[in-house]
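Taking it in order: structure first as structure tokens, then the write-up.
Keep in mind that what you see is a predicted model, and the values were worked out from it rather than measured. By convention here, the first residue in the shown sequence is residue 1. Whatever order the structure lists ligands and atoms in, that order sets their numbers, starting from 1.
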Amino acid sequence: MIVGVPKEIKNNEYRVGLTPPSVRELTQRGHQVLVQKNAGGEIGLSDEQYAAAGATMVDTAKEIFARAEMIVKVKEPQPGECAMLGEGQILYTYLHLAPDPEQTAALVKSGAVCIAYETITGAGGGLPLLAPMSEVAGRMAIQAGAAHLEKSKGGMGLLLGGVPGVAAGHIVIIGAGVVGANAMQMAVGTGARVTVLDKNVDRLRHLDLIYGNRISTQYSNAHSIEEAVLSADLVIGGVLVPGAAAPKLVTRDMISRMKKGAVVVDVAIDQGGCFETSHPTTHADPTFVVDGVIHYCVANMPGAVARTSTFALNNATIGHAVALATKGWQKALMDDPHLKNGLNVCKGKVTYAAVAQALGYDYAPADSMLG
Ligand SMILES: NC(=O)C1=CN([C@@H]2O[C@H](COP(=O)(O)OP(=O)(O)OC[C@H]3O[C@@H](n4cnc5c(N)ncnc54)[C@H](O)[C@@H]3O)[C@@H](O)[C@H]2O)C=CC1
Ligand SMILES: CC(=O)C(=O)O
Ligand SMILES: [Mg+2]
């Protein structure tokens, strides 16, 4: 199969769909890999390294989209990229469609076979192609929050850990999944007081066993969320209902009653965000203020640590990329129910129930597209 890797074009996005070692996994199996020139140059992955791994370096994204049977990316295709997708071409990347009607319409129109990293499941449960980026974003959320609590960044001027004689700050983490657990690890390290909320008590039990009395766990409902955010200096939003738009758990009214100069980091923004006041921002302009509360809502946080993130992502994506290239998408999906769960849009149909429901499309089960 001819596999294509265009350079990412989202704001401050330096990750790459395939590393040179991943290219080698494909070329040694007889596949041709087209990589756009300088796709990884900014993170130390040179064209020479790609060529040594067997890639063919290509000048433009246009040529890659025109020639490749499968496009491997990181972020959801931007409008210009959607327009270059063709009927039956495989797109393998993050999509986050439920909160994104324009992108969904463009992918439906393209006729492409669109497989979303974030809904592929794992044999041991969870979302193994989302997990590495959630680890990165969860850890980054605390450092982003801590930085924006500084006065020069608009925050209230608070050091999360306090100092002897001055109380530490309060970090509230909503969602105790991968983002939440990784944010928790960093939050505990700051010395702050930490509260974590989830609807899944098993997740809270897991963190309670690790951190004991160092943290406070709360079952998530409107009452506990309100109580926690009103006393918080930093709130991290890391909830997920797989494939669906994030529930708006922190209301505009709650935000208006929070401490002035407090910070919220809405990691769930790529699924629409879990704060009613959120909208997506970029690394170039990461924050905005609502009612005196700093909102950090960058939808591609791992792009800031693109070298670490690219390798972590490739560890999780390369196995399915090899299967798709080697078997073709239909057989690869028939052979692996977890990969099949990644099919979101296929040949003009929406094949993921939560996306169809969120955006008002008829739902065509993935099985109806196979065989
Ligand atoms: N902004 C960015 O750059 C990035 C964003 N993300 C996003 O972060 C979000 C979280 O991802 P993961 O931690 O991997 O998901 P996960 O599935 O591991 O964890 C989500 C947690 O949310 C909990 N949850 C669901 N409804 C809830 C409610 N009403 N109240 C409290 N908890 C609730 C679930 O029980 C689960 O424990 C996703 O939307 C993901 O796409 C991930 C990586 C990067
Ligand atoms: C998960 C995601 O959206 C990201 O890594 O950018
Ligand atoms: Mg989007």
Side-chain angles (χ1 to χ4, degrees), residues 8 10-17 73-76 93-100 103 116-122 125-141 144 172-184 195-207 217-226 228-229 235-250 265-275 278-283 286 295-306 308-310 312-314 316-317 354:
E8 293 294 314
K10 193 162 174 148
N11 181 285
N12 277 277
E13 184 54 75
Y14 302 108
R15 285 174 285 178
V16 198
K73 272 178 52 61
V74 179
K75 287 311 289 183
E76 70 277 1
T93 191
Y94 287 118
L95 294 176
H96 303 294
L97 293 178
D100 197 342
Q103 189 204 161
Y117 294 160
E118 73 274 8
T119 64
I120 295 173
T121 48
L127 303 166
L129 282 71
L130 180 62
M133 297 304 94
S134 294
E135 289 167 346
V136 171
R139 289 172 186 214
M140 282 182 69
V172 170
I173 301 172
I174 309 175
V178 181
V179 164
N182 281 272
M184 167 73 61
T195 302
V196 59
L197 303 97
D198 203 299
K199 275 196 151 351
N200 181 339
V201 177
D202 280 337
R203 292 299 310 168
L204 298 177
R205 195 167 279 131
H206 171 74
L207 292 175
T217 62
Q218 288 274 315
Y219 179 75
S220 170
N221 55 34
H223 176 81
S224 59
I225 288 175
E226 179 173 66
V229 303
V235 185
I236 311 296
V239 302
L240 176 66
V241 179
K248 302 287 180 199
L249 300 176
V250 178
V265 177
D266 197 349
V267 184
I269 191 66
D270 56 0
Q271 293 291 147
C274 59
F275 298 80
S278 292
H279 62 73
T281 59
T282 62
H283 287 292
H295 288 56
Y296 178 100
C297 303
V298 176
N300 60 332
M301 292 174 70
V305 288
T308 303
S309 299
T310 294
L313 179 61
N314 270 249
T317 56

Measure from every N or O atom of ligand 2 to the protein's N or O atoms and keep only the pairs below 3.5 Å, writing each with atom names and distance to 0.1 Å.
residue, atom, partner, partner atom, Å
ligand 2, 3 (O), Lys75, NZ, 2.7
ligand 2, 3 (O), His96, NE2, 2.8
ligand 2, 3 (O), Asp270, OD2, 3.1
ligand 2, 5 (O), Arg15, NH1, 2.7
ligand 2, 6 (O), Arg15, NH2, 2.8
ligand 2, 6 (O), Lys75, NZ, 2.6

Heavy atoms of Glu8 and Lys75 approach each other most closely as OE1-N, 3.2 Å
If you take all heavy atoms of Ser278 and Ile269, which pair is closest and at what distance? CB-CD1, 3.8 Å
Going by atom type alone, with no hydrogens or angles, which donor-acceptor pairs under 3.5 Å involve a side-chain atom of residues 128-137 and a protein atom two or more places apart or on another chain?
residue, atom, partner, partner atom, Å
Ser134, OG, Leu130, O, 3.4

Non-hydrogen side-chain atoms of Thr282 and Asn12 separated by less than 4.5 Å: no
Counting only non-hydrogen atoms and a 4.0 Å cut-off, the residues near ligand 1 are His96, Leu130, Met133, Ser134, Ala137, Gly175, Ala176, Gly177, Val178, Val179, Asp198, Lys199, Asn200, Arg203, Ser220, Gly238, Val239, Leu240, Leu249, Val267, Ala268, Asp270, Gln271, Val298, Ala299, Asn300, Met301, Pro302
Taking every non-hydrogen atom, the tightest pair across Val74 and Val16: CG2-C, 3.5 Å
Would you say the side chain of Tyr219 lies within less than 4.5 Å of the side chain of Lys199, judging by non-hydrogen atoms? yes
With sequence neighbours left out, what residues match Asn182 under side-chain hydrogen bond (donor to acceptor under 3.5 Å, both in side chains)? Arg139
Does the pair Asp266 and His295 meet the rule for a side chain to side chain contact (heavy atoms under 4.5 Å, CB included), with working shown? CA-CA 7 Å; Asp266 197 349; His295 288 56; over 6 Å; no
Any non-hydrogen side-chain atom of Arg15 less than 4.5 Å from a side-chain atom of Asn300? yes
